[in-house]
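Worksheet: the structure to be examined is printed underneath.
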There are 2 protein chains.
Amino acid sequence: MQMLKSNHKDAYALILDAIDIGVYKPGDRLVESELADRFGVSRTPIREALQRLETQSLLTRDGRSLIVASLDHNQLAELYVVRTELEGLAARLAARHAAPEEIRVLREMVQEDRALLGDPGALARANRRFHKQIHLASHNRYLVQQLDLVHRSMALLATTSLAVDGRGELALEEHEAIVSAIEKADGEAAYQALKHHLSAAFETRLKSDATAAQAAE
Amino acid sequence: MQMLKSNHKDAYALILDAIDIGVYKPGDRLVESELADRFGVSRTPIREALQRLETQSLLTRDGRSLIVASLDHNQLAELYVVRTELEGLAARLAARHAAPEEIRVLREMVQEDRALLGDPGALARANRRFHKQIHLASHNRYLVQQLDLVHRSMALLATTSLAVDGRGELALEEHEAIVSAIEKADGEAAYQALKHHLSAAFETRLKSDATAAQAAE
DNA sequence: CCCCCCATGATTGCTGATAATTTTAAACAT
DNA sequence: ATGTTTAAAATTATCAGCAATCATGGGGGG
């Protein structure tokens, strides 16, 4: 008999979700007993989940206790450099190794995501799916894993650049260019297109952060 | 008063060492109670260390229990692709961002490591130091972290390519070329030199593995 | 009035015990 | 001999409680 999919996820996923949703924001302290109460388990599984999150750099130590990691400007820039290189590599490999079916899935995604242009949240999820599909198409498990880590770190960023006016349209065009390059099996073009895509996204983020910072003064 | 450096490392380091030394080899099952006995602590810190090692892919699940991960031929190839790209990036960034002092340290390493040419073990450690120094010179903390992960995965490989006849000399020449490129602040040359270095190392490994496999028939 | 010291409470680290699950192996039937 | 069922052993997952450490705040002392 098939086990019903329990709605009782494990502590790791629960805490990750809580961070994603914004229950805990960068800088917040995570107290084991509090989390244990909130999720109705004892401290042991909480501790283990916290340590896993720590090794993935989503949490960081402040003295003896753990706080949600935050990305300052420098760290964000450093993350983007690494992300760009890894995603670029994934695109290059995808152009070389993707199965025809995988490419078709990518193309369909680009089509279907047009329907989401009004909804930044849905667009952000679609964007993640799209990139994940490229990672998988690289057929390099290590790369997929490293990129998972990178993306998990980006969960610390509250905003998505896709919410900025007009960025959604541009991003989809860039996706289209990436898929076209992969279709042509042109690794270098795919690499460049993905690099351009992330560069544009980073630039948008910096601009919107600058505006927000000014507004906060 | 300064605490004496305790010879009682934490469970994580102890298990990692045990894997490094070869007490536990890829495929071996790690039993919590056995490790707890061996290191004289209770199962809880062992469990936490095991989970950390699992998230770093040094251990993998086989059903409910953990075994030391192993790298088959494909996984090794995939790892090398990612490693090459990341180390190449580090070299390029180091050429751009390294402080003069950091470059001098690199140059000294190349000089001093000549003295170790007879001792593959010492050479392997020196090699790790050298690469780590380049990582740091990139001044990108994310990259340093990702590369740490990659190198930890390589701990699963029992042999070092530096033990192969003549490889030590070649490797040091390649190190020399890398440092020269960084000195000239020529990022592209540094990138290419590092790529070449790793490519040569990988090739050496494949050859020696092939020989060993034949001998085992 | 401000600063330092100590006591108190909060929080993490660890232990031993218990529950749940899986693996092992042994007896049995085919 | 081989496959299958069932019971026992081993192992992992979780829990509640204790010990150690750290932060906080409330008095003295200057």
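Across the protein-nucleic acid pair, A/I46 atom CD1 and C/dC14 atom P stand 18 Å apart, rounded to whole Å. Rounded to an integer number of Å, the gap from CG of A/D37 to C1' of D/dT14 is 16 Å. Per the geometry, CD belonging to B/E48 stands 7 Å off P belonging to C/dC14, to the nearest Å. A straight line from CG of A/L66 to C1' of C/dT12 spans 10 Å, rounded to a whole angstrom. B/I67 has its CD1 atom 16 Å from the C1' atom of D/dT12, to the nearest Å. Computed from coordinates, the A/L50 CG to C/dG13 C1' distance equals 13 Å when rounded to whole Å. The CD atom of A/E32 sits 16 Å away from the P atom of D/dT21 (whole-angstrom rounding). Computed from coordinates, the A/R61 CZ to C/dT12 P distance equals 9 Å when rounded to whole Å.
Under a 4.0 Å N-O distance rule, the pair B/E174/B/R167 qualifies as a salt bridge.
Residue order along DNA chain D, read from the 5' end via each residue's closest nucleotide, puts B/V31 first among A/R29 and B/V31.
Put simply, B/S42 has a side-chain N or O that comes within less than 4.0 Å of OP1 or OP2 on C/dT15. In this model, the phosphate group of D/dC15 is not approached by any side-chain N or O of A/R47 to a distance below 4.0 Å at OP1 or OP2. Close to C/dT12, at under 4.0 Å from its OP1 or OP2, lies no side-chain N or O of A/R43.
For A/R64 against D/dA23, no side-chain N or O and base N or O form a donor-acceptor pair under 3.5 Å.
Side-chain N/O atoms of B/Y12 and B/Q56 include a donor and acceptor closer than 3.5 Å.
Within the nucleic acid shown, A/L30 comes within 4.0 Å of sugar-phosphate atoms alone, with no base atom in reach, counting heavy atoms only.
The aromatic rings of B/H151 and B/H131 sit tilted, their planes meeting at an angle between 30° and 60°.
Within a 6.0 Å radius of CG in A/D165, no more than 12 heavy atoms belonging to other residues, nucleotides or ligands are found.
Applying the salt bridge (charged side-chain N to carboxylate O under 4.0 Å, His left out) criterion to B/R61, with sequence neighbours excluded, gives B/E54.
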